[in-house]
Novice: 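Below is one structure. I have some questions about it.
A quick note: this is a predicted structure, and the numbers were derived from the prediction, not measured. Remember, it's 1-based here, ligands and their atoms both numbered in the order they're listed. Both backbone and side-chain heavy atoms feed into the values below; hydrogens, waters and symmetry mates do not. Note that the numbering runs from 1 along the sequence shown for the chain.
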Amino acid sequence: MYKYYNQNFDKDEMFFWLCQMARQFESAVVIINPAKGNVIEFVNHVFTHLTEYSESELIGEKLNILHGPLTDILNEDAIQECIVNGQQFTTSSFHYRKDGSTFWNEVSILPLKNLNGEFQYCLLMMKDVTYATKLDSLLELERNIYFKLENGYPLENVLSEICNHVENTFRIQCHCTIVLIDEKRKVTGVYGGATKTFEISEYQAFFIDKDNRNFSLSLDRNATFIKNIKKTVYYEQYKTLIDKENIVSLWGQPIFNKEEGLIGYFSIYFEEEMEPQATDYKFINTNVTPIVTLAVKYYNQKSAIHSLAFFDSETGLSNFEGFKNKMQTEWEADLGDSYLYIIEPSEYQKIVDLYGRQGGDKILLKMAKRIQNIFAEHKLFIARYTNSAIIIASQLKISDLQFTQAEMDHLLFEPYCINNKDVYITLKVGTSKICQETPINQAIRQADTALSIALKSVGTVIKKFDAEQVESVANEMNVLANIAKGLMKDEFMPMLQPKVDIKTGEINSFEALARWISPELGFVSPALFIPVAENTGNISKIDRAIFKKVLQWQKHRKETNSPMYQVSVNISPNHFYHPAFVENVMELIEKYGVETKYIKFEITESIELDNVMRAKKIINDLMKYGIATSIDDFGIGYSSLSYLQELPFEEIKIDKSFVDNLADPRMHAVIKTIIHLSRNLNMRCVAEGIETEAQHKELLQLGCNSGQGYYYFKPMPLHEVDELLQKNTQTQF
Ligand code: C2E
Ligand code: CA
Ligand code: CA
């Protein structure tokens, strides 16, 4: 039956009734009469408002009055077809207002039929959905932005995309830029298409500086809009710029971060006069700028995370990850051959013991700064390598570095101030070369190997990586495997090196030095097997093996009534601190029946500070039995000066590295101090590693008691010592 209308309606009544109804509607309504060639017969005021045409301009026209250059004609044809055929249809069209501005129009077609099913009128409901459409595309934009930020696209790329998006979707042609500024309102970056034509300085002057301009991009929350800049007084001032870009309307939207700080401007200019509509404001202000804020915030957070991942929070230096990253991204490409240095202060652990972790951090940072100063003119990259070491990449070889003495002194000899205390350090340096054949990761391993070798020497040491070292590391492995066997087969032998009275040249005692000729490995240097034995718990056995051989030799001399000499035996700290050490040595001495005055123990200076009391007890116990002790390698750690008086050593041995540098006035002063100190403390003073006559004379002059070194005698096998003493040679120097 009657489906839609009262059966009494004729066509005119129906039209009248439809118009009445349409006037009440909140959406735009157009009524089209198919009988009259599909022209518009009625429009409501919402529609005139939407399109800006008057009623009389619309009546009798076709829908194509809303078409424009960008309207999708196929879609419009579909609309027409539905109107003609009386079909229901909903679609979105890109339509033009009278003034040429555009909007997304959601068009719904409702065909109206009479009782007999005859198609009478077509009712078109329309709705401006520009905003909603924009929102959809904004969501799309937001997704893209997230994706790009997540995937490490640069901020520039992200902000440019935002500008492009606005340019593509804004209802009239515009040019967009995002300008980021710092707290001082200085431009830090400009993004978007327009950046190609503007200079940063122009942005600074024109868009940001507001001092003498009232149209300026305001600092308050509000957007600034200039309808036609050419009609303002500022045209004169910025004529070239304005004409160059043909700027007519200008719109600046300040961008704030969450904390209400101004971070930049979103600026749009138009080449024609433009009046923003409420929807435009809304689009820019509440939709676009939050995305910018978000992107900037996200980017800042990312870089904060980046800095956490790549920087050492204690020192602010790059960390090792940062180093590798930088080397891989920046360095390898444009620098070619360069050099790596891994540097560790020998005293790092002592500093941490004394001043805590922070002390260790401080020393590394201070050291890094000094090095940075020295390299100031060269490209250099410093990072923290481990807790105790820094790593440096430079194009300079150490030998190319023209250090001035003052720089060198500053780096090496001036104390570092930690917690108001002067701390002196020596450096261990391992170096390697980065080149085509040795990529960065391999070079790092090499420098590390070189460092571990440097760490075995005393004083400041620079070790270059070379293949021999690899061999020596491999050696170490072999050595380790063979030490136990060597001990069982009694392969360790002492050599004796005379200690000579510097004044008379007389041999007054000897030092026993371990030698190992392994059937598998050949001659192995103590510099190699001693550290390996120390690290693997075999050292006491070696010390004892040597000690036994020395006692045997003493016993034999005693039995043959040969003159007796004191022999010093080296004892590693681990062995020295063993609770049964004194007991064990006394047992051996008694077994061989050697008088204790012919025995001395040399202990290296690296006595741990917290062990001072224990060391004192052991030294005293030995002393009670008449056994003297000697502090070996003295002078390497300065801190030892302070606790030396606590420890009743009988002898101090000045380390070879000091004797080597005797010509250096500062070393000279240090040695002089040590000699004076030993005299005050009633200790004998022995200088080791004397190789030249000049060193001998100098030490004689300084009042050192004894000397030891190749200048007098090299270490020699026991039978040679017997022969030498047999001749009862009184050497004169
Ligand atoms: P050290 O106790 O400082 O011994 C002095 C080292 O300097 C010896 O090296 C000696 O041969 C060397 N030397 C002596 N005069 C000169 C010289 O004029 N010029 C040069 N260039 N070198 C000189 P060596 O025998 O290679 O021993 C190295 C280190 O191994 C020793 O240093 C000592 O710390 C350790 N060591 C040796 N034997 C033993 C041992 O039986 N037990 C322990 N625990 N350590 C030992
Ligand atoms: Ca020694
Ligand atoms: Ca020594």
Novice: Within 3.0 Å of the Ca ion (ligand 2), is there any N, O or S atom belonging to Asn570?
Specialist: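 Yes, since at least one N, O or S atom of Asn570 sits under 3.0 Å from the Ca ion (ligand 2).
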Novice: Assess Ser525 for proximity to ligand 1: is some non-hydrogen atom of it under 4.0 Å away?
Specialist: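 Flag not set, Ser525 not near ligand 1.
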Novice: Between Ile690 and ligand 1, which part of the residue brings a heavy atom under 4.0 Å of the ligand: side chain, backbone, both or neither?
Specialist: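 Under 4.0 Å from ligand 1, Ile690 contributes backbone atoms alone.
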Novice: For Cys417, is there any backbone N or O sitting under 3.5 Å from a side-chain donor or acceptor partner on Lys366?
Specialist: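 Judged by distance alone, yes, a pair lies under 3.5 Å.
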Novice: Less than 3.5 Å apart, any donor N or O on the side chain of Lys499 or Ser568 sitting next to an acceptor on the other?
Specialist: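 There is such a pair between these side chains.
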Novice: My understanding is that we take every heavy atom of each candidate and find the minimum distance to atom 40 (C) of ligand 1. Doing that for Thr604, Asn574, Asp543, which one comes out nearest?
Specialist: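 Selected option, by shortest heavy-atom distance: Asp543.
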Novice: Rounded to the nearest 10 degrees, what's the angle OE2 of Glu511 makes with OD2 of Asp632 at the Ca ion (ligand 2)? Could you check?
Specialist: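 Rounding to the nearest 10 degrees gives 180°.
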Novice: Tell me the nearest of Tyr711, Tyr712, Tyr710 to atom 17 (C) of ligand 1, using heavy-atom distances.
Specialist: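 Nearest option to atom 17 (C) of ligand 1, by heavy atoms: Tyr710.
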Novice: Would you say the side-chain atoms of Thr386 pair up with the backbone N or O of Ser388, donor to acceptor, closer than 3.5 Å?
Specialist: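 Judged by distance alone, yes, a pair lies under 3.5 Å.
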Novice: For Asn570, is at least one N or O under 3.5 Å away from an N or O on ligand 1?
Specialist: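 Yes - when backbone and side-chain N and O of Asn570 are compared with those of ligand 1, one distance drops under 3.5 Å.
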Novice: Using a heavy-atom cut-off of under 4.0 Å, does the side chain or the backbone of Lys653 touch ligand 1, or both, or neither?
Specialist: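 No part of Lys653 comes within reach of ligand 1.
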Novice: Considering only NZ, NE, NH1 and NH2 on the basic side and carboxylate oxygens on the acidic side, decide whether Lys591 and Glu587 come within less than 4.0 Å.
Specialist: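 No, this pair does not count.
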Novice: So for ligand 1, is Glu511 a polar contact partner (N or O within less than 3.5 Å, distance only)?
Specialist: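 Right, the criterion is met.
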Novice: Can we call the ring centroids of Tyr598 and Tyr592 under 6.0 Å apart?
Specialist: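 Distance test on ring centres: not under 6.0 Å, no.
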Novice: Contact between Arg515 and ligand 1, counting heavy atoms under 4.0 Å?
Specialist: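 Within the 4.0 Å threshold, so yes.
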Novice: With heavy atoms under 4.0 Å as the rule, classify the contact between Met495 and ligand 1 as side chain, backbone, both or neither.
Specialist: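 Near ligand 1, Met495 shows nothing, with every heavy atom at 4.0 Å or more.
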Novice: Looking at Asn705 and Val686, would you say the former's side chain and the latter's main chain have a donor-acceptor pair under 3.5 Å?
Specialist: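 Here the side-chain-to-backbone pair does not exist.
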Novice: Run Phe581 and Leu622 through side chain to side chain contact (heavy atoms under 4.5 Å, CB included) and show every step you take.
Specialist: CA-CA 10 Å; Phe581 171 65; Leu622 290 169; 4.1 Å; yes
Novice: Quick one: does ligand 1 sit under 4.0 Å from the side chain of Lys714, the backbone, both or neither, non-hydrogen atoms only?
Specialist: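 Within the 4.0 Å criterion, Lys714 makes no contact with ligand 1.
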Novice: Please work out whether any backbone atom (N, CA, C, O) or any side-chain heavy atom from C-beta onward of Gln708 is under 4.0 Å from ligand 1, and answer side chain, backbone, both or neither.
Specialist: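 The answer is neither; Gln708 stays 4.0 Å or more away.
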Novice: For ligand 1, is any non-hydrogen atom under 4.0 Å from Ala514's backbone (N, CA, C, O), its side chain (CB onward), both, or neither?
Specialist: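 Within the 4.0 Å criterion, Ala514 contacts ligand 1 through backbone and side-chain atoms alike.
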Novice: Counting only N and O atoms by type, is there a donor-acceptor contact under 3.5 Å from the side chain of Ser346 to the main-chain atoms of Thr426?
Specialist: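 Answer holds: yes.
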Novice: What part of Gln497, side chain from CB on, backbone N/CA/C/O, both or neither, has a heavy atom under 4.0 Å from ligand 1?
Specialist: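 Within the 4.0 Å criterion, Gln497 contacts ligand 1 through side-chain atoms alone.
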Novice: Determine, using heavy atoms of Ile530 and all atoms of ligand 1, whether some pair is separated by less than 4.0 Å.
Specialist: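 Judged by the 4.0 Å heavy-atom criterion, Ile530 does count as contacting ligand 1.
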Novice: Nearest to the Ca ion (ligand 2), which N, O or S atom of Glu602 do we find?
Specialist: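 In Glu602, the N, O or S atom with the shortest distance to the Ca ion (ligand 2) is OE1.
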